Amino acid sequence: MKRSLRWQLGLAVAVGVGLVLLLAGFWLATQLRAAMEQAALSRLQATAEHLSAFLPFEAPEHWSKGEYAQPYSGHYWELIAWPAGQPHRVYARSASLTDFSLQGQDAAGRAPVMASGLMRMTGPLEQSLITARVALPVGPEPGRYMMLVAAPAEPLEVQTATVLAALWRGGLMIWLLCVLTSALAIAAAARPIRLLQRQLTDLDQGLRQRLDAEVPVEFQGLVRGFNAVLEQHDRTVTRHRDAVAQLAHELKTPLASLRQAAEAAPTVASATVIERVQRMLPSIEQEVARARIHGPTPGLQPVSLLEQVNRAIQVCRVDHGIVPGDIGIEIPHGLRLPIEARDLYTVVWNLLDNALRHGGVPVRVIAVGLGFEIHDAGTASQPASSSGLGLGLVETVLETYGWRYEVRSSELGGRCVRVSPRSENAPTA
């Protein structure tokens, strides 16, 4: 099932924020629980110190007052003595404990100790208690007494549960607000994408020819590249349309002449047919060559100029009967041009063929700047020309890639054809 980018981003934000808040909530809950237990421990310690300050050690039967005098009230204390060299013993306990011993619950480590130092134990009538153990520096033998002070655990548990519930409710509200805010931010950030999507739909329906350049910086490269592909496509279609129109125009006259000859006589001389066909063949060959132009494509990898020059020289040796020393090459191995290999070969071969046919040997191929030059000696009997099938096709190929060629005189005595990008400065004649 395909999901929109906004949905995926929203889900990622919701999960990410939820996990962060969950971890933060667990940490905060732990800290709050520890703080509340620490506060309860401090209260019990203060209670123990208050009780011990007023304990009449000489009359222990009068020690229990208030809630510590009511049986099973949940508030208890027990004074433990450990004289030197003797076992622990209960020195006194609150009247609320009656016959129950807190020391018995604390013995042998049976009472679990919390991180804060509080102990949990079960008191009389299965009461859940929180207990603190406080060493007392007072009494008949200072430093020889310890007090166990207990209070009901339920108030602490209720208070802790209330605070934690409020914490989780607050975390849930924060999560919802974060998700809502993120959704609004994602919707605002995705607006250029929606506009671009609508433009692509209009483009597909033929309602527009190009994408708008007014887009965020992150999409400008994409839009420029897409528009460049569209422009290249338009140029290719225009070139093919013009080629078809040109071919139709070139073929119309010889075909009409051949038809008239056929209508004028029952038979047409073979010489007439051959003449008309030979007139049509150059036009057909030219337009077929134009149709084979590959043109630039996204991800086009530059190709080695030296490899294509060597390929073209091998063909020219067969066509023109030249020897190895007739064509000199001054091209570094690392020079690569951003032109498709077949199209680059077409350019190089046509220029070399034209130089050998109309210029004459020796011919030199030299790397210059981002492009190259082909020089001829001007020793051929045929006059030099910058028009015709060869250079006409070369011009078409180079224009397709945003390159150009220029003709000037060569120091070898003939002419020099320089091939270079349009962005490169024109050479001085």
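Along the sequence shown, the residues carry numbers beginning at 1. Here the structure is a predicted model, which is why all the values come from computation and not from measurement.
A donor-acceptor distance shorter than 3.5 angstrom exists from the side chain of Arg194 to the backbone of Ala187, with no hydrogens or angles considered. When atom types are taken as modelled, the side chain of Asp204 and the backbone of Leu200 share no donor-acceptor pair closer than 3.5 angstrom. Judged purely by atom type and a 3.5 angstrom limit, Ser73 has no side-chain atom pairing as donor or acceptor with the backbone of Ser96. Here the side chain of Asp326 pairs no donor or acceptor atom with the backbone of Pro362 at under 3.5 angstrom. Panel note: side chain Arg93, backbone Phe100; a donor-acceptor pair is recorded below 3.5 Å. Of the possible polar contacts, none joining the Trp403 side chain to the Val419 backbone as a donor-acceptor pair under 3.5 Å is found. Panel note: side chain Asp343, backbone Ile339; no donor-acceptor pair is recorded below 3.5 Å. One N or O on the side chain of Arg336 and one on the backbone of Pro302 form a donor-acceptor pair closer than 3.5 Å. Judged purely by atom type and a 3.5 angstrom limit, Glu78 has no side-chain atom pairing as donor or acceptor with the backbone of Val90. A donor-acceptor pair under 3.5 Å links the side-chain atoms of Glu340 to the main chain of Arg342, judged by distance alone.
Partner of Phe372 under the side chain to side chain contact (heavy atoms under 4.5 Å, CB included) criterion, out of Ile366, Leu337, Val417: Leu337 alone.
Remark: Leu41 CG to Leu156 CG distance equals 11.0 Å, nearest 0.5 Å. The distance from the CE atom of Met147 to the CZ atom of Arg133 is 14.0 Å, given to the nearest 0.5 Å. Summarising the geometry, atom CD1 belonging to Ile374 is positioned 8.5 Å from atom CD1 belonging to Ile327; distances are rounded to the nearest 0.5 Å. A distance of 10.5 Å separates CZ of Arg208 from OG1 of Thr201, quoted to the nearest 0.5 Å. Note that the CG atom of Leu21 and the CG atom of Leu28 stand 11.0 Å from one another [nearest 0.5 Å]. Between atom NE2 of residue His75 and atom CG of residue Leu129 there is a gap of 9.5 Å, rounded to the nearest 0.5 Å.
Heavy-atom contacts from other residues, nucleotides or ligands closer than 6.0 Å to CZ of Arg317 number more than 12. In the displayed structure, Gln197 atom CD is contacted under 6.0 Å by at most 12 heavy atoms of other residues, nucleotides or ligands. Atom CD of Glu67 is surrounded by more than 12 heavy atoms from other residues, nucleotides or ligands within 6.0 Å. More than 12 non-hydrogen atoms from other residues, nucleotides or ligands lie less than 6.0 angstrom from CD of Gln220.
No side-chain heavy atom of Ser420 sits less than 4.5 Å from a side-chain heavy atom of Val368. Within the 4.5 Å cutoff, side-chain heavy atoms of Tyr68 are placed close to those of Thr47. Between Trp168 and Leu172, the closest side-chain pair of non-hydrogen atoms is not below 4.5 Å. Between Arg418 and Tyr405 there is no side-chain heavy-atom pair separated by less than 4.5 Å. Contact check for Tyr345 versus Val315: side-chain heavy atoms found under the 4.5 Å cut-off. The shortest side-chain heavy-atom distance between Leu230 and Gln209 does not fall under the 4.5 Å cut-off. In this structure, the side chains of Phe226 and Val229 stay at 4.5 Å or more apart for every pair of heavy atoms. Here the side chains of Val348 and Ile313 are not in contact, with every heavy-atom distance at 4.5 Å or above.
Scanning both residues, Glu37 and Leu118, for their nearest heavy atoms gives O-CD1, 3.4 Å. Heavy-atom minimum distance, Val361 versus Ala377: O-CB, 3.3 Å. A pairwise comparison of heavy atoms in Pro332 and Ala367 identifies CD-CB, 3.7 Å as the closest pair. In this structure, Asp353 and Cys316 approach most closely via the heavy-atom pair N-SG, 4.2 Å. Across all their heavy atoms, Val394 and Asn350 have their closest contact at CG2-CB, 3.6 Å. Residues Leu97 and Pro124 come closest through the heavy atom pair CD2-CG, 4.2 Å.
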* Steps toward side chain to side chain contact (heavy atoms under 4.5 Å, CB included) verdict (Arg210, Gln199) -> CA-CA 8 Å; Arg210 297 288 184 274; Gln199 292 183 31; over 6 Å; no

* Apply side chain to side chain contact (heavy atoms under 4.5 Å, CB included) to Leu11 and Trp7, showing your working. => CA-CA 6 Å; Leu11 180 61; Trp7 190 93; 3.5 Å; yes

* Mind running side chain to side chain contact (heavy atoms under 4.5 Å, CB included) on Tyr76 and Gln127 for me, showing each step along the way? => CA-CA 11 Å; Tyr76 312 111; Gln127 293 173 322; 2.4 Å; yes

* Decide side chain to side chain contact (heavy atoms under 4.5 Å, CB included) for Trp349 and Asp319; before the verdict, give the C-alpha distance in whole Å, the side-chain angles of both, and the deciding distance to 0.1 Å. => CA-CA 11 Å; Trp349 179 84; Asp319 294 344; 3.9 Å; yes

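A salt bridge links Glu373 and Arg408; the closest N-O separation between the charged side-chain nitrogens and carboxylate oxygens is under 4.0 Å. The pair Arg120-Glu157 meets the salt-bridge criterion, with a side-chain N (NZ, NE, NH1 or NH2) lying under 4.0 Å from an Asp/Glu carboxylate O. Between Arg357 and Asp376 there is no salt bridge, since no side-chain N of the basic residue sits under 4.0 Å from a carboxylate O of the acidic one.
Side chains of Thr98 and Tyr72: a donor-acceptor N/O pair is present below 3.5 angstrom, by distance only.
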